[in-house]
Number of protein chains: 2
Amino acid sequence: MVSTNRIAEVATLVGEPARAAMLSALMDGRALTATELAGVAGITPQTASGHLAQLADARLILVERQGRHRYHRLATPDVARMIETVMQVASAMAPPSRALPAVGPRDAAMRRARLCYDHLAGELGVAVTDALLERGAVEFEDGAGIVTDAGTALLRDLGIALDDLGDDGRRRSSRPLCRPCLDWSERRPHLAGRIGAALCARFLEQDFLRRIGNSRALSVTPKGQGALRELFGIQM
Amino acid sequence: MVSTNRIAEVATLVGEPARAAMLSALMDGRALTATELAGVAGITPQTASGHLAQLADARLILVERQGRHRYHRLATPDVARMIETVMQVASAMAPPSRALPAVGPRDAAMRRARLCYDHLAGELGVAVTDALLERGAVEFEDGAGIVTDAGTALLRDLGIALDDLGDDGRRRSSRPLCRPCLDWSERRPHLAGRIGAALCARFLEQDFLRRIGNSRALSVTPKGQGALRELFGIQM
DNA sequence: CCGTCGCTTCGGCCGTGGCCGAAGCATTCC
DNA sequence: GGAATGCTTCGGCCACGGCCGAAGCGACGG
């Protein structure tokens, strides 16, 4: 059992618009500087500094010094998962007044392919997930998922060894190997968990995908176009 | 994508000690009155009333009138899951000063068997889960889980039809069929999700288990002792 | 019908905490 | 060395929101 005060403490940290904005910005797994985070939250650096100190104290984020910069990132996948579930409840809340304010057209690239913490989301994420489901590589039972033997083999062919996935030095006990994650633009599940992260990392490493500037959005390289078509029959 | 303000809004609701205490008290799935909740939160009824109105406005809880009482319960399993993930992060936080303050001996019954939202927890919950894992009825891959064909058959023998589990009239799309839930006293997973809830309900219905007074704690009836031994080889 | 009970609304008090300007350290660059 | 950059600390302002006492309202029960 956890003291309810500890629960409230954590929730309070998330329950402040500026901090929530900063944590959301970190949901793509990148490490950002205090000034960048101040920007996304719309506050001054000194105010952001205070917030970040609180988040770091509570171990929700980790801070890494690099020269005169300090990079902040989410401390664990658990934290990301927590924020994700809060988002889920928030999205189910009574709408403030009207329907969804139709995502702007400039987010076209974001809808197409983007990072969700450390795995693939958007049309591409959903398409890859569909392909894996179709091939029987993974199976979802509502909010849970497993990798089949066929999936283990398929991933090995892609250069991902499942046995190694726990050995990232951190060994987060609670990080699922495989699970679905609701895609906010597609409203359908995409692949998350350790294999979701591994797959995404592998695609970036092989230059199938590239970050678009500083955003969460991803572009598919020509090399990636071919590979995705060949591997999964995906035409992006 | 969800507005970060909405996220903060939800988190703020949880991030208040009194409200967190009330939500935690509702985590066993029961519906409690405003006065009872005021009691657990250590505040006056009029203050609790205000809090509960806020939680209901945000659709985190549902209120049901019954005579001069108003019963409050968590609105959806999603809300319970959110609180659970917050608890998980909270328990991983930097300890305030010393180690766990050794759960009091009066919680012996709680440690033995209790409700966790709507499924079994404590020694009993873990034991049942272990038995199901051992029989290959369910499989966990870290934070995810599935029911095998053998498990489907086993559950049918117990009087639980998996096909019906979605038909509770609410059809919460995101509620997993089967998933592990970290047990706070045992520090090991027990069975949650829709089948966790169904199993628990079935045991209560068959009078294998009974609520101890008004608490989350459960007692195993003599009938239940026999059944559990016979079904799962569990000696409580 | 009146008393009790459960709950809500109102009003006022007060503490917590977010916010920024100014100032103070570091680090890097010229 | 001096200037710019990135970030933090300090101090003071201010508002939001939690808290309770008092009062009101509806339901139940004798």
Side-chain angles (χ1 to χ4, degrees), chain A residues 3-26 30-58 60-73 93 96 214, chain B residues 3-26 30-58 60-73 93 96 214:
Chain A
S3 135
T4 65
N5 282 341
R6 296 285 283 284
I7 300 172
E9 209 173 311
V10 171
T12 298
L13 286 169
V14 183
E16 207 283 326
R19 284 192 297 255
M22 293 192 283
L23 289 170
S24 292
L26 295 172
R30 283 180 302 172
L32 302 178
T33 67
T35 307
E36 286 170 329
L37 288 166
V40 307
I43 53 180
T44 60
Q46 65 268 33
T47 304
S49 177
H51 285 310
L52 292 169
Q54 291 181 61
L55 292 172
D57 270 356
L60 293 195
I61 62 173
L62 295 179
V63 189
E64 208 170 327
R65 300 196 55 137
Q66 219 169 92
R68 60 181 165 187
H69 296 277
R70 301 189 63 164
Y71 287 97
H72 304 78
R73 58 186 170 86
M93 271 180 53
N214 238 2
Chain B
S3 136
T4 65
N5 281 341
R6 296 284 282 285
I7 299 172
E9 209 173 311
V10 171
T12 298
L13 286 169
V14 183
E16 207 283 325
R19 284 191 297 256
M22 293 192 284
L23 289 170
S24 292
L26 294 172
R30 283 180 303 171
L32 302 178
T33 66
T35 307
E36 285 170 329
L37 288 167
V40 308
I43 54 180
T44 59
Q46 65 268 34
T47 303
S49 176
H51 285 308
L52 292 169
Q54 292 180 60
L55 292 172
D57 270 355
L60 293 196
I61 62 172
L62 294 179
V63 189
E64 209 170 326
R65 301 196 54 138
Q66 220 169 91
R68 58 181 165 186
H69 296 277
R70 301 189 63 166
Y71 287 96
H72 304 77
R73 58 188 170 86
M93 271 180 54
N214 239 3

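Letters A, B, ... are given to chains in the order of the sequence lines, protein chains preceding strands, and every chain is numbered from 1. Keep in mind that the numbers below use all heavy atoms, side chains included, and drop hydrogens, waters and symmetry copies.
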Engineer: In whole angstrom, what separates A:Leu55's CG from C:dG18's P?
Structural biologist: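 To the nearest whole Å, that distance equals 10 Å.
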Engineer: Would you say B:His69 reaches D:dC28's phosphate, i.e. side-chain N/O to OP1/OP2 under 4.0 Å?
Structural biologist: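 Answer is no, no contact under 4.0 Å.
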Engineer: With a 4.0 Å limit, can you tell me whether B:Ser49 has a side-chain N or O closer than that to the phosphate oxygens OP1/OP2 of C:dT8?
Structural biologist: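 For B:Ser49, the contact criterion (side-chain N or O under 4.0 Å from OP1 or OP2 of C:dT8) is met.
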Engineer: Look up atom CD in A:Glu16 and atom CD in A:Gln54, then write down how far apart they are to the nearest 0.5 Å.
Structural biologist: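 So the gap between those two atoms works out to 8.5 Å.
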Engineer: Any chance the side chains of B:Ser49 and B:Gln46 put a donor and an acceptor closer than 3.5 Å?
Structural biologist: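 Looking only at side-chain atoms, B:Gln46 and B:Ser49 do not form any donor-acceptor pair under 3.5 Å.
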Engineer: Any chance you could measure B:Leu26, atom CG, to B:Leu37, atom CG, to the nearest 0.5 Å?
Structural biologist: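 Those atoms lie 5.0 Å apart.
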Engineer: Is there a side-chain contact between B:Arg70 and the phosphate of D:dA27, meaning an N or O under 4.0 Å from OP1 or OP2?
Structural biologist: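 Looking at the OP1 and OP2 atoms of D:dA27, neither is under 4.0 Å from any side-chain N or O of B:Arg70.
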Engineer: Output the rounded distance in Å from CZ (A:Arg19) to P (C:dG18).
Structural biologist: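 So the CZ-P distance, A:Arg19 to C:dG18, works out to 5 Å.
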Engineer: So, taking the atom named CD in B:Glu9 and the one named CG in B:Asp57, what distance separates them when rounded to the nearest 0.5 Å?
Structural biologist: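 These two atoms lie 10.0 Å from each other.
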Engineer: With DNA chain C as reference, determine whether A:Thr12 or A:Arg65 sits nearer its 5' end, using the nearest nucleotide of each.
Structural biologist: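 The residue closer to the strand's 5' end, by nearest nucleotide, is A:Thr12.
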Engineer: Nearest to the side chain of A:Ala34 - C:dC7, D:dG18, D:dT8?
Structural biologist: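 Out of C:dC7, D:dG18, D:dT8, the nucleotide with an atom closest to A:Ala34's side chain is D:dT8.
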Engineer: In whole angstrom, give the distance that lies between atom CG of B:Leu13 and atom P of D:dG17.
Structural biologist: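 One finds 10 Å between P of D:dG17 and CG of B:Leu13, rounded.
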Engineer: Which distance, rounded to the nearest 0.5 Å, do you find between the CG of B:Leu52 and the CG of B:Leu60?
Structural biologist: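 CG of B:Leu60 is found 11.0 Å from CG of B:Leu52.
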Engineer: Please pick, from C:dC19, C:dC7, D:dG18, the nucleotide with the shortest atom-to-atom distance to any side-chain atom of A:His51.
Structural biologist: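 The answer is C:dC19.
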Engineer: Give a yes/no on whether any side-chain N or O of A:Thr47 is located under 4.0 angstrom from OP1 or OP2 of C:dC20.
Structural biologist: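 Yes, A:Thr47 has a side-chain N/O under 4.0 Å of OP1/OP2 on C:dC20.
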Engineer: Please give, in whole Å, the distance from D:dA27 P to B:Glu64 CD?
Structural biologist: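 My rounded result for the distance is 17 Å.
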Engineer: In this structure, how many angstroms lie between the P atom of C:dC19 and the CD atom of A:Gln46, rounded?
Structural biologist: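 Rounded to the whole Å, the gap is 11 Å.
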Engineer: Distance check needed: D:dT8 C1' versus A:Leu37 CG, whole Å only.
Structural biologist: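 It works out to 15 Å between those atoms.
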Engineer: Which nucleotide sits closest to the side chain of B:Glu16: D:dC7, D:dC19, C:dC19?
Structural biologist: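 For the B:Glu16 side chain, the nearest candidate turns out to be D:dC19.
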Engineer: To the nearest Å, how far apart are B:Asp57 CG and C:dT8 P?
Structural biologist: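 Taking atom P of C:dT8 as the reference, CG of B:Asp57 is at 12 Å.
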Engineer: Please check the phosphate of C:dT4 (OP1 and OP2 only) for any side-chain N or O of B:Arg68 closer than 4.0 Å.
Structural biologist: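 So the side-chain polar atoms of B:Arg68 never come under 4.0 Å of the phosphate oxygens OP1 or OP2 of C:dT4.
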Engineer: If I take atom CD in residue B:Gln54 and atom P in nucleotide D:dC16, what distance separates them, rounded to the nearest angstrom?
Structural biologist: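 Distance check: B:Gln54 CD to D:dC16 P gives 14 Å.
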